[in-house]
Trainee: 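Pasting a structure below so you can have a look.
Hydrogens, waters and symmetry mates play no part in the numbers below; they use all other heavy atoms, side chains included.
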Amino acid sequence: MKVDFFTNIFSHYRLPIWRLLINSKNIDFNIFYSQTTIEKIKSIDESGFNNYEVKKLFPVLKNYTFLNKVFWQKGVIRRVLTSKSSGFIFLGEMTII
């Protein structure tokens, strides 16, 4: 099964979760995110990942913010409509359209 995971930022405090998802034996996870940081949250340094893990990371989203909150992510709809993935995971933040 292939699953796409969409997040607004690649926050450092979620590193253990990202690693578990990427290295899952049962599900092929791809993580899509924006390299833009918001609200002074430190981003993960991708150089800390091994080559296999880096191939599962896709910094292709562009965040659009208003009052320092993400309200739109360019690239999500296109990926969902063209992907052959079995499922999609979104953060469910109320400020993101």
Trainee: Looking at every non-hydrogen atom in both residues, tell me the closest pair between Thr7 and Arg14 and how far apart they are.
Mentor: OG1-NH1, 3.8 Å

Trainee: CZ of Phe5 to CD1 of Ile27: how many Å apart, nearest 0.5 Å?
Mentor: 12.0 Å

Trainee: Is there a path of hydrophobic side-chain contacts, each under 4.5 Å between heavy atoms of I, L, V, M, F, W or Y residues, that connects Trp18 with Met1?
Mentor: yes

Trainee: Can you tell me how far apart CG (Asp28) and CG (Leu21) are? Round to the nearest 0.5 Å.
Mentor: 11.5 Å

Trainee: Can you name the one residue among Phe32, Tyr33, Phe29 that meets ring-ring contact (aromatic ring centres under 6.0 Å, His included) with Phe6?
Mentor: Phe32

Trainee: Hey, could you give me the CZ/OG1 distance between Arg79 and Thr82, rounded to the nearest 0.5 Å?
Mentor: 6.0 Å

Trainee: If you compare all heavy atoms of Val80 against all heavy atoms of Phe90, which two are closest, and at what distance to 0.1 Å?
Mentor: CG2-CZ, 4.0 Å

Trainee: Yes or no on side chain to side chain contact (heavy atoms under 4.5 Å, CB included) for Asn30 and Lys2, after CA distance, side-chain angles and deciding distance?
Mentor: CA-CA 8 Å; Asn30 293 306; Lys2 186 173 184 177; 3.0 Å; yes

Trainee: Please say whether more than 12 non-hydrogen atoms of neighbouring residues, nucleotides or ligands are located less than 6.0 Å from CD1 in Ile77.
Mentor: no

Trainee: Just how far is it from atom CD1 of Ile22 to atom CD1 of Ile17, taken to the nearest 0.5 Å?
Mentor: 12.0 Å

